Amino acid sequence: MTRDPAASPQPFGSVRSLLDAVGQPPIVSDALLIDQDMIDRYAQVTLDTQWIHVDRVRAQAESPYGDTIAHGFLALSLLTHWQTSCIAFPGAAMLLNYGFDKVRFTAPVVSGARVAASFALAEVVETGAGAARCTWKVAIQAEGTPRPSVHADWLIMVRYENP
């Protein structure tokens, strides 16, 4: 999963443009380094200081991954960042995180990994004039790994200023 760093975000300026994108190939985000400092700060904020995330010496000795790993929820919480690196909604009056229908943590993100997300638009339901609920099939994957770390069905509400 790689992205051309010079690529502009894919614009979706209307409900029609979203409907036309259903079933198209995934849009891939820029990669982001998830390092130990980010993992430690996330652990402090969430009060989740399990050793597999924050104790590098112990993780290198005892973890099957050979190092600390990012919290699954840390990777999930970065979706908005990744989405804005590759998708734009010009003319939208509002974007709203509506939740998830499915989330699976399928592989670890080892500290120091560069990680990106891919977004495939699976469904668009018109909810009113110029408004829609979108379901994005998301995969979060560290560079050089054989499979994604997270699979999710992410729902986003969008309302455009001028339907």
Side-chain angles (χ1 to χ4, degrees), residues 1-35 38-39 41-48 53 69-111 113-163:
M1 184 165 42
T2 59
R3 174 175 157 79
D4 175 0
S8 297
Q10 171 72 42
F12 294 98
S14 66
V15 172
R16 177 81 257 153
S17 65
L18 290 163
L19 288 163
D20 291 344
V22 171
Q24 295 300 310
I27 301 164
V28 179
S29 76
D30 293 336
L32 175 70
L33 175 67
I34 299 181
D35 62 8
M38 182 186 288
I39 294 168
R41 287 183 288 131
Y42 184 85
Q44 286 181 320
V45 168
T46 61
L47 305 177
D48 181 354
H53 304 301
I69 60 171
H71 306 72
F73 286 137
L74 168 56
L76 199 63
S77 73
L78 292 168
L79 281 178
T80 301
H81 165 77
W82 283 313
Q83 183 194 49
T84 59
S85 82
C86 64
I87 298 171
F89 297 90
M94 181 186 70
L95 287 172
L96 184 65
N97 178 359
Y98 195 63
F100 296 91
D101 277 346
K102 177 181 176 182
V103 177
R104 298 290 182 266
F105 301 106
T106 54
V109 172
V110 177
S111 177
R114 291 185 45 79
V115 183
S118 66
F119 301 86
L121 196 48
E123 181 180 39
V124 176
V125 176
E126 292 187 73
T127 58
R133 183 179 63 248
C134 305
T135 301
W136 296 87
K137 295 279 187 187
V138 178
I140 299 171
Q141 186 165 356
E143 290 178 345
T145 61
R147 66 179 201 263
S149 298
V150 180
H151 292 274
D153 293 348
W154 188 23
L155 284 71
I156 296 174
M157 301 292 286
V158 61
R159 184 172 45 99
Y160 290 94
E161 293 173 353
N162 300 312

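The model shown is predicted, which means the values in this text are computed figures rather than measured ones.
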Kindly determine whether L121 and Q24 satisfy side chain to side chain contact (heavy atoms under 4.5 Å, CB included), including the steps that lead there. CA-CA 7 Å; L121 196 48; Q24 295 300 310; over 6 Å; no
Search all heavy atoms of [X] against all heavy atoms of [Y] and return the closest pair with its distance.
{"X": "E161", "Y": "A93", "answer": "CG-CB, 3.4 Å"}
{"X": "I69", "Y": "H53", "answer": "O-ND1, 2.7 Å"}
{"X": "L155", "Y": "R133", "answer": "CD2-CD, 3.8 Å"}
{"X": "T84", "Y": "P9", "answer": "O-CG, 4.2 Å"}
{"X": "V115", "Y": "W82", "answer": "O-NE1, 3.1 Å"}
{"X": "A142", "Y": "A113", "answer": "CB-CB, 3.9 Å"}

Heavy-atom donor-acceptor pair, [X] side chain to [Y] backbone, under 3.5 Å:
{"X": "S85", "Y": "D30", "value": "yes"}
{"X": "S29", "Y": "A117", "value": "yes"}
{"X": "T135", "Y": "A122", "value": "no"}

Between [atom1] on residue [X] and [atom2] on residue [Y], distance to nearest 0.5 Å:
{"X": "L96", "Y": "R159", "atom1": "CG", "atom2": "CZ", "result": "10.0 Å"}
{"X": "T106", "Y": "R147", "atom1": "OG1", "atom2": "CZ", "result": "6.0 Å"}
{"X": "Q83", "Y": "N97", "atom1": "CD", "atom2": "CG", "result": "9.0 Å"}
{"X": "D48", "Y": "L74", "atom1": "CG", "atom2": "CG", "result": "10.5 Å"}
{"X": "L76", "Y": "S149", "atom1": "CG", "atom2": "OG", "result": "12.0 Å"}
{"X": "L32", "Y": "R114", "atom1": "CG", "atom2": "CZ", "result": "7.5 Å"}

Derivation and outcome, ring pair (Phe, Tyr, Trp, His ring centres under 6.0 Å), residues F89 and Y160: CA-CA 9 Å; F89 297 90; Y160 290 94; 7.1 Å; no
Please determine whether side chain to side chain contact (heavy atoms under 4.5 Å, CB included) holds for the pair E123 and V22, giving the CA-CA distance in whole Å, both sets of side-chain angles, and the decisive distance to 0.1 Å. CA-CA 6 Å; E123 181 180 39; V22 171; 5.8 Å; no
Can you confirm whether more than 12 heavy atoms, excluding those of F100, are under 6.0 Å from its CZ atom?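 Yes, because the 6.0 Å sphere around CZ of F100 holds more than 12 heavy atoms from other groups.
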Candidate pair V150 and F105, rule side chain to side chain contact (heavy atoms under 4.5 Å, CB included), full reasoning: CA-CA 5 Å; V150 180; F105 301 106; 3.7 Å; yes
Mind checking whether W154 and F119 have parallel, tilted or perpendicular rings, split at 30° and 60°?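 Rings of W154 and F119: tilted, 30 to 60°.
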With side chain to side chain donor-acceptor pair (under 3.5 Å) as the test, pick out the partner of D153 among K137, R104, K102.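 Checked K137, R104, K102 against D153; only one passes side chain to side chain donor-acceptor pair (under 3.5 Å): K137.
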Kindly indicate whether the side chain of I140, heavy atoms from C-beta on, has any atom under 4.5 Å from the side chain of L79.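 Yes, close enough: below the 4.5 Å cut-off.
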Determine whether Y42 and S77 make a side-chain contact, defined as any pair of heavy atoms from C-beta on separated by less than 4.5 Å.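 Touching, per the 4.5 Å side-chain cut-off.
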For I34 and L78, run side chain to side chain contact (heavy atoms under 4.5 Å, CB included): C-alpha distance rounded to whole Å, both residues' side-chain angles, the deciding distance at 0.1 Å, then the answer. CA-CA 10 Å; I34 299 181; L78 292 168; 3.8 Å; yes
